[in-house]
Protein chains: 2
Amino acid sequence: MRQVKALLFDTFGTVVDWRSGVARESAPFLAKHGVAMDPVAFAVAWRKRYQPAMEAVRTGQRPFERLDVLHRENLEATLRDAGADPAAIPEADLAAWNRAWHRLDPWPDGIAGLARLKTRFIIAPLSNGNIALLLNMAKRAGIPWDTVLGSEVAQAFKPTPQAYLRTAEVLGLEPAECMMVAAHNRDLAAARRCGLMTGFVARPTEHGPGQTTDLAAEQDWEVVATDFMDMADKLGCPA
Amino acid sequence: MRQVKALLFDTFGTVVDWRSGVARESAPFLAKHGVAMDPVAFAVAWRKRYQPAMEAVRTGQRPFERLDVLHRENLEATLRDAGADPAAIPEADLAAWNRAWHRLDPWPDGIAGLARLKTRFIIAPLSNGNIALLLNMAKRAGIPWDTVLGSEVAQAFKPTPQAYLRTAEVLGLEPAECMMVAAHNRDLAAARRCGLMTGFVARPTEHGPGQTTDLAAEQDWEVVATDFMDMADKLGCPA
């Protein structure tokens, strides 16, 4: 672990609480356009289309596309599933609604923990989000990234190896000089296969009170922490 | 100007003093390897190969290459011009010497001015430097960028239009929502042709005490400032 120079963070779920944020941001649009669906259920349904949309890129069925574009397609599909016609909603509203993902709040330990980790490491997202999405999110919420590298830099979505390897490469670092930090065991397993160090942080309510997955580390990750403050303690970052 | 959301900064010369920094970083290597050349003269000679190296990429004679790679080629050529044999210098020393460009200091108003500008705008470099170079520079010197987008994101060197246009695009902004900030009239002219707003800041000693170029604004740039603090005043950023 001594050689680690950069901590690379999964973002949705690990840094920010997408479920409550997308629900909060969706509520006024659902009300305005008469879509009879609970905002949390809408957020979950929207997110459910996230992995399948990226899978089409990962398997080569479609070329790489920014997540803002995939989110927009998924928003329209989710609206149709809810019995609403997206064509009846003004374009400006759909565009603003789609930027719900730019307006998510970090978990309570997020900002303070990252600020501590930043004193000893380069900190950056390694997310499937695109640059504009992650940058607007950081600017609004005060997330103190050293740089924001969206997935268009690597032109690949996790867990495709290029997402990890190209990110290390543009940072001028060996994979083992980077530590992937995530609340998702699958993400860490893919990073480890690429030679990165791994840090798990539990986010037991990412999927709500009844969450059953990713409640604990499933491999011997180099660091296992309860939150970012605990991770800062374990990595020797001053309080 | 009211629509401007991001300030994009030329870096070498505008944010950091490359001439004195590269001289300072080169001095111990020149001494260690017995190269009889004044460090400032060496820095100037090294930098003199910067534009020709990028021009080969701009004109399509060679594919896009990161500036760290071009700097290394130019370092070896500059050593040969000085009568030294780069092959006689250990690889570790050449690699460390090449990273002189990662260890440059901002002008005295740089950090404080950028911190003020950051309160109202996204701030990021729009430099021909690569991500690792600009990120290491920022981390060492405390430059508070919101994100570091190196030229490998746009895959083009300024003043090629794509360098400006692709940067605006990954930020999710229209060109007119971005302001290019530079101490070089040529850079601003190219940015203006692409539809960006423009801000000039004078750096009258970038090339030393006898500088004759870029001492003043040569067009009616939207903002003309004496330094970043003056620019923050003119853009209404709180002190």
Side-chain angles (χ1 to χ4, degrees), chain A residues 5-8 11 64-69 71-72 95-96 98-99 101-103 115 117-127 129-155 166-174 177-178, chain B residues 5-8 11 64-69 71-72 95-96 98-99 101-103 115 117-127 129-155 166-174 177-178:
Chain A
K5 294 185 176 138
L7 306 182
L8 305 175
T11 301
F64 177 82
E65 191 56 86
R66 291 175 195 168
L67 190 57
D68 272 336
V69 174
H71 274 157
R72 173 62 184 264
N98 199 46
R99 286 194 298 272
W101 298 89
H102 298 212
R103 298 188 297 266
L117 293 164
K118 186 176 180 169
T119 62
R120 290 196 55 169
F121 301 96
I122 291 169
I123 60 166
L126 202 176
S127 163
N130 49 297
I131 292 171
L133 183 162
L134 296 165
L135 177 60
N136 291 341
M137 176 197 287
K139 198 75 178 165
R140 173 187 170 279
I143 304 172
W145 300 129
D146 284 307
T147 183
V148 173
L149 304 177
S151 54
E152 62 263 64
V153 174
Q155 293 277 308
R166 289 187 191 144
T167 298
E169 206 226 334
V170 297
L171 295 174
L173 298 175
E174 296 296 322
E177 293 177 310
C178 300
Chain B
K5 294 184 175 138
L7 306 183
L8 305 175
T11 301
F64 177 82
E65 191 55 87
R66 292 177 194 165
L67 190 56
D68 273 337
V69 173
H71 273 158
R72 173 62 185 266
N98 199 46
R99 286 194 297 273
W101 298 89
H102 297 213
R103 297 189 297 266
L117 292 163
K118 185 175 180 171
T119 62
R120 292 197 54 170
F121 302 96
I122 291 168
I123 60 167
L126 202 175
S127 163
N130 51 297
I131 292 171
L133 183 163
L134 296 166
L135 177 59
N136 291 341
M137 176 198 288
K139 198 74 178 166
R140 172 186 170 280
I143 304 172
W145 300 127
D146 284 308
T147 183
V148 173
L149 304 176
S151 54
E152 62 263 64
V153 174
Q155 294 276 308
R166 289 187 191 145
T167 298
E169 207 227 334
V170 297
L171 294 174
L173 298 175
E174 296 297 323
E177 294 177 309
C178 301

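So you know, we letter chains A, B, ... as the sequences are listed, proteins then strands, and number each from 1.
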Exercise for review: Check whether B:Val170 gets within reach of chain A through its side chain, its backbone, both or neither, counting any heavy atom under 4.5 Å.
Suggested key: both
Review point. Which region of A:Asp68, side chain (C-beta onward) or backbone (N, CA, C, O), has a non-hydrogen atom less than 4.5 Å from a non-hydrogen atom of chain B, or is it both or neither?
Key: neither
Exercise for review: Side-chain contact test, heavy atoms from C-beta onward, threshold under 4.5 Å: evaluate it for B:Arg66 versus A:Glu169 and give yes or no.
Suggested key: yes
Check your understanding: Of the backbone (N, CA, C, O) and the side chain (C-beta and beyond), which part of A:Asp146 lies under 4.5 Å from a heavy atom of chain B, both, or neither?
Key -> both
Point to revise | Atom CD of B:Glu174 with >12 non-hydrogen neighbours under 6.0 angstrom | key: no
Check your understanding: Taking the side chain as C-beta and beyond, is there a heavy-atom pair between B:Leu149 and A:Val153 under 4.5 Å?
Key -> no
**Study point:** Under 4.5 Å from a heavy atom of chain B, the part of A:Lys118 involved
**Key:** both
Practice item. Run the salt-bridge test on B:Glu152 and A:Arg166 with the 4.0 Å N-O cut-off and return the result as yes or no. Key: no
Study note, to complete from the structure: All heavy atoms of A:Leu8 vs all of A:Cys178, minimum pair found to be CD1-CB, 3.9 Å
Review point. What part of A:Leu171 gets closer than 4.5 Å to chain B, counting heavy atoms only: side chain, backbone, both or neither?
Key: both
